[in-house]
Asks: 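Got a structure for you, questions after.
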Amino acid sequence: MPELPEVEAARRRIERGALNRTIEAVTYGDDITHMDLPDRAALDRFTGTQFSTATRHGKFIFAGTQGGPWMMIHLGMAGSIRVMDADEVDADYIRLTVAFEGGTRLTFRDPRKFGEIVVVEGVEDYVAERGLGPDALTIGDNAFADVIGGTRGAVKSALLAQSKLAGVGNLWADESLYRAGILPDARACDLDAGRIGQLHGVVGDTLKAVVDTDAVYSKLPADWLIHRRDEGADCGICDGAIGKTKVGGRTSYFCPDHQTGG
DNA sequence: TTTACTGTTAGGAC
DNA sequence: TGTCCTAACAGTAA
């Protein structure tokens with residue numbers, strides 16, 4: 001369920017369990033038809049090397065070897081990453097496995113096959129090549145105001161555009177707008193500088209809070225939208241009831257009472 | 001059986 | 001030239 005916080009949790013799992021171990025082999029899982037995975041030769045470049053670092057930009061993870069290639073992992077709609085001990089049994093839908101000496105292994109699971117793995121030579125070049133905007137956790141106030149406030153379309157669509165701001169997806173876009181009191185279909189350019197600044201703060205706080213729980217939603221505050229994404233549910237902030245609509249083709253939950261436009 | 005889905009992108013409309 | 005919107009991708013689960 002990967003947006004920035006879920007991807008960050010995955011990155012941390014790699015950092016905790018998969019660095020500085022010698023890679024014995026990288027193997028494909030069953031049924032990798034239609035998937036975007038590196039070819040055999042590209043994967044073989046990792047054999048005998050070790051991952052020494054794991055970084056993230058938006059929803060993209062990069063596991064890097066010392067002076068060598070990086071393995072870029074994108075989890076798509078339903079991908080996940082786990083570091084398994086030698087005695088643990090694989091789940092279903094494993095598409096790629098990085099096996100380390102001693103039996104520990106990094107598994108990439110992706111039932112829906114929307115994920116992607118690419119062998120890249122450098123992170124910054126790849127981020128530029130994909131056309132990603134600044135990471136949502138580190139973007140500055142001015143850049144946020146330019147890139148979101150300058151959009152003529154719906155503010156939620158702007159938050160979701162990875163070319164403007166990398167990392168925010170459907171769930172946390174809704175959550176941020178709910179907490180900032182802004183309707184998802186408000187035109188971004190109709191919001192004054194104060195509200196755009198406030199939205200920036202709320203987006204950052206929201207993502208950080210989810211990262212801090214390692215993306216375990218049950219640990220998030222009870223008044224958050226994540227616990228009431230149901231049409232007609234009680235709003236956690238005011239006396240309103242949660243509504244449901246489509247913005248930019250994406251299902252959007254919001255409170256028509258305390259969230260406002262322009 | 002039908003429907004929706006937490007992401008990305010190509011192609012067409014404005 | 002941008003910018004924005006929609007449909008499509010593939011598979012599962014409710």
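These figures come from a predicted structure and were not determined experimentally. We name chains A, B, ... by the order of the sequence lines, and we start the count at 1 in each one.
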Asks: Between D205(A) and R179(A) (salt bridge meaning N to carboxylate O under 4.0 Å), is one present in this structure?
Replies: no
Asks: Does a nitrogen or oxygen in the side chain of H34(A) sit under 4.0 Å from OP1 or OP2 of dC9(C)?
Replies: no
Asks: Locate the shortest heavy-atom distance separating R105(A) from T97(A); write the atom from each residue and the value.
Replies: CB-CG2, 3.8 Å
Asks: Is R13(A) close to D214(A) at the side-chain level, that is, under 4.5 Å between some pair of heavy atoms?
Replies: no
Asks: Using Watson-Crick or G-U wobble pairs with both distances under 3.5 Å, give me DNA chain C in dot-bracket, 5' to 3', with [ ] for crossers and | for pairs to another strand.
Replies: .||||||||.||||
Asks: With heavy-atom distances below 4.5 Å as the criterion, would you say the side chains of I226(A) and W172(A) are in contact?
Replies: yes
Asks: Does the side chain of F62(A) come within less than 4.5 Å of V127(A)'s, by heavy atoms?
Replies: yes
Asks: If you look at every strand shown and take non-hydrogen atoms under 4.0 Å, does R187(A) touch a base, only sugar-phosphate, or nothing?
Replies: nothing
Asks: For DNA chain C, whose closest nucleotide is more 5', that of A154(A) or that of K113(A)?
Replies: A154(A)
Asks: Quick one: pull up CG in D223(A) and SG in C235(A) and give me the separation to the nearest 0.5 Å.
Replies: 8.5 Å
Asks: Closer than 4.0 Å, any side-chain N/O of K164(A) to the OP1 or OP2 of dC4(C)?
Replies: yes
Asks: Indicate, with a heavy-atom threshold strictly under 4.0 Å, whether Q162(A) touches base, sugar-phosphate, or nothing.
Replies: sugar-phosphate
Asks: Could you please name the option among dG11(C), dC5(B), dC9(C) that lies closest to any side-chain atom of T33(A)?
Replies: dG11(C)
Asks: Please tell me if the side chains of P38(A) and M71(A) come closer than 4.5 Å, counting only heavy atoms from C-beta onward.
Replies: no
Asks: Got L177(A) and L199(A) here, is their nearest side-chain heavy-atom distance under 4.5 Å?
Replies: yes
Asks: Has K59(A) got a side-chain N or O lying under 4.0 Å from the OP1 or OP2 atom of dT8(B)?
Replies: yes
Asks: Expected output is a numbered-order residue list: members of residues 244-253 of chain A with a heavy atom under 4.0 Å from any atom of DNA chain B. What is it?
Replies: K246(A), R250(A), T251(A)
Asks: Round to a whole Å and report the spacing from CE of M77(A) to C1' of dA7(C).
Replies: 13 Å
Asks: Taking side chain as C-beta onward, heavy atoms only, is V210(A) less than 4.5 Å from E8(A)?
Replies: no
